[in-house]
Amino acid sequence: MRISHLTVAFSIGLMLLSPLHVLAETAGTSTASAAAGMPSNEGKVLSTLDAPGYTYMELANTEKRFWIAAPTTRVKVGDRVRFEQSLVMKNFNSKTLNRTFDQVIFVNSATIVN
C-alpha cells in the first residue's frame with residue numbers, strides 16, 4: 001500500500017487545523033474533571049442512534065454533554081466510553097438520521113471502559 005506525500009501532508013494539515021484544542025479546553029481538562037476521574041475523551045452514554053457505518057452517542061462527562069460518531073459500536077445507555085478524537089464538525093446535518101447536530105466529534109474508535 002503506497003501513501004503519497006501529498007496524502008500525508010494533507011492529513012497532518014487537517015490535524016493541525018482541527019478545532020480539537022478548543023474542545024479540549026471546554027470539555028473538561030480542568031482539575032475538577034481530573035479529580036472526578038473522567039478525562040475529556042470519556043463519557044457516560046446517555047443515548048444512541050445507529051446509522052449505516054456509524055453509532056452516534058450522546059455522552060456526558062464531568063462538565064458537559066456532547067455527541068460523538070464512531071464506527072458501528074455496540075453500546076448501551078449507562079456504559080462508560082473512551083474515544084480517540086479525530087474531527088469536530090459544527091452544525092452537522094445527518095441526512096440518514098434527518099437531524100442536525102450542533103456539534104459532533106467524529107472519532108476513530110470508541111471503547112467501553114469499566
Side-chain angles (χ1 to χ4, degrees):
M1 180 176 184
R2 295 175 59 186
I3 300 175
S4 73
H5 295 288
L6 183 59
T7 303
V8 172
F10 177 76
S11 298
I12 292 170
L14 187 60
M15 288 187 298
L16 293 174
L17 294 174
S18 174
L20 291 177
H21 65 282
V22 174
L23 179 66
E25 290 173 7
T26 60
T29 56
S30 69
T31 52
S33 178
M38 190 165 303
S40 63
N41 70 328
E42 287 185 14
K44 183 178 178 181
V45 177
L46 302 177
S47 62
T48 65
L49 299 169
D50 288 315
Y54 290 97
T55 299
Y56 290 79
M57 295 172 243
E58 182 181 22
L59 303 180
N61 64 19
T62 307
E63 296 187 6
K64 68 182 282 185
R65 294 168 67 149
F66 55 97
W67 283 90
I68 68 170
T72 303
T73 308
R74 288 185 151 192
V75 295
K76 62 185 181 303
V77 172
D79 285 343
R80 184 171 169 171
V81 173
R82 178 177 299 135
F83 57 91
E84 296 298 322
Q85 298 181 5
S86 180
L87 177 67
V88 177
M89 298 288 292
K90 293 187 183 271
N91 297 315
F92 176 75
N93 180 267
S94 168
K95 292 178 181 163
T96 306
L97 296 174
N98 193 28
R99 178 179 179 157
T100 299
F101 296 88
D102 291 335
Q103 178 175 291
V104 174
I105 305 167
F106 283 87
V107 303
N108 296 324
S109 65
T111 307
I112 298 171
V113 294
N114 294 327

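Two different hydrophobic clusters hold Leu97 and Val77 under the rule that ILVMFWY side chains link at heavy-atom gaps under 4.5 Å. When hydrophobic clusters are built by joining Ile, Leu, Val, Met, Phe, Trp and Tyr residues whose side-chain heavy atoms come closer than 4.5 Å, directly or via intermediates, Ile68 is grouped together with Ile112.
Within the structure, salt bridge (charged side-chain N to carboxylate O under 4.0 Å, His left out) pairs that include any residue of residues 68-79 comprise Lys76-Asp79 (at least two apart or interchain).
A distance of 9.5 Å separates CD of Glu42 from OG1 of Thr62, quoted to the nearest 0.5 Å. Considering CG of Asn91 and CG of Asp102, their distance stands at 6.5 Å, rounded to 0.5 Å. In this structure, CZ on Phe83 lies 4.5 Å from CD1 on Ile105, to the nearest 0.5 angstrom. For the atom pair Leu59 CG and Lys64 NZ, the distance stands at 11.0 Å (nearest 0.5 Å).
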Only pairs under 3.5 Å count here: list side-chain donor-acceptor contacts from residues 43-56, not counting sequence neighbours, and write none if there are none.
{"residue": "Ser47", "atom": "OG", "partner": "Glu58", "partner atom": "OE1", "Å": "2.9"}
{"residue": "Asp50", "atom": "OD1", "partner": "Thr55", "partner atom": "OG1", "Å": "3.2"}
{"residue": "Thr55", "atom": "OG1", "partner": "Thr73", "partner atom": "N", "Å": "2.9"}
{"residue": "Thr55", "atom": "OG1", "partner": "Thr73", "partner atom": "O", "Å": "3.2"}

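With sequence neighbours excluded, the residues satisfying side-chain hydrogen bond (donor to acceptor under 3.5 Å, both in side chains) with Asn93 are Thr100.
Met57 and Ala70 get closest at one heavy-atom pair: CE-CB, 3.8 Å. Closest approach of Ser94 to Phe101, counting heavy atoms only: CB-CE1, 4.2 Å. Listed here is the closest heavy atom pair of Val107 and Gln85: CG1-CA, 4.3 Å.
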| request: Dump the intermediate steps for side-chain contact (heavy atoms from CB on, under 4.5 Å) on Phe106 and Phe92, then the final yes or no. | output: CA-CA 11 Å; Phe106 283 87; Phe92 176 75; 3.6 Å; yes
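Within 6.0 Å of CZ on Arg65 lie no more than 12 heavy atoms contributed by other residues, nucleotides or ligands.
At distances below 3.5 Å, not a single donor-acceptor pair connects side-chain atoms of Asn41 with backbone N or O atoms of Glu84.
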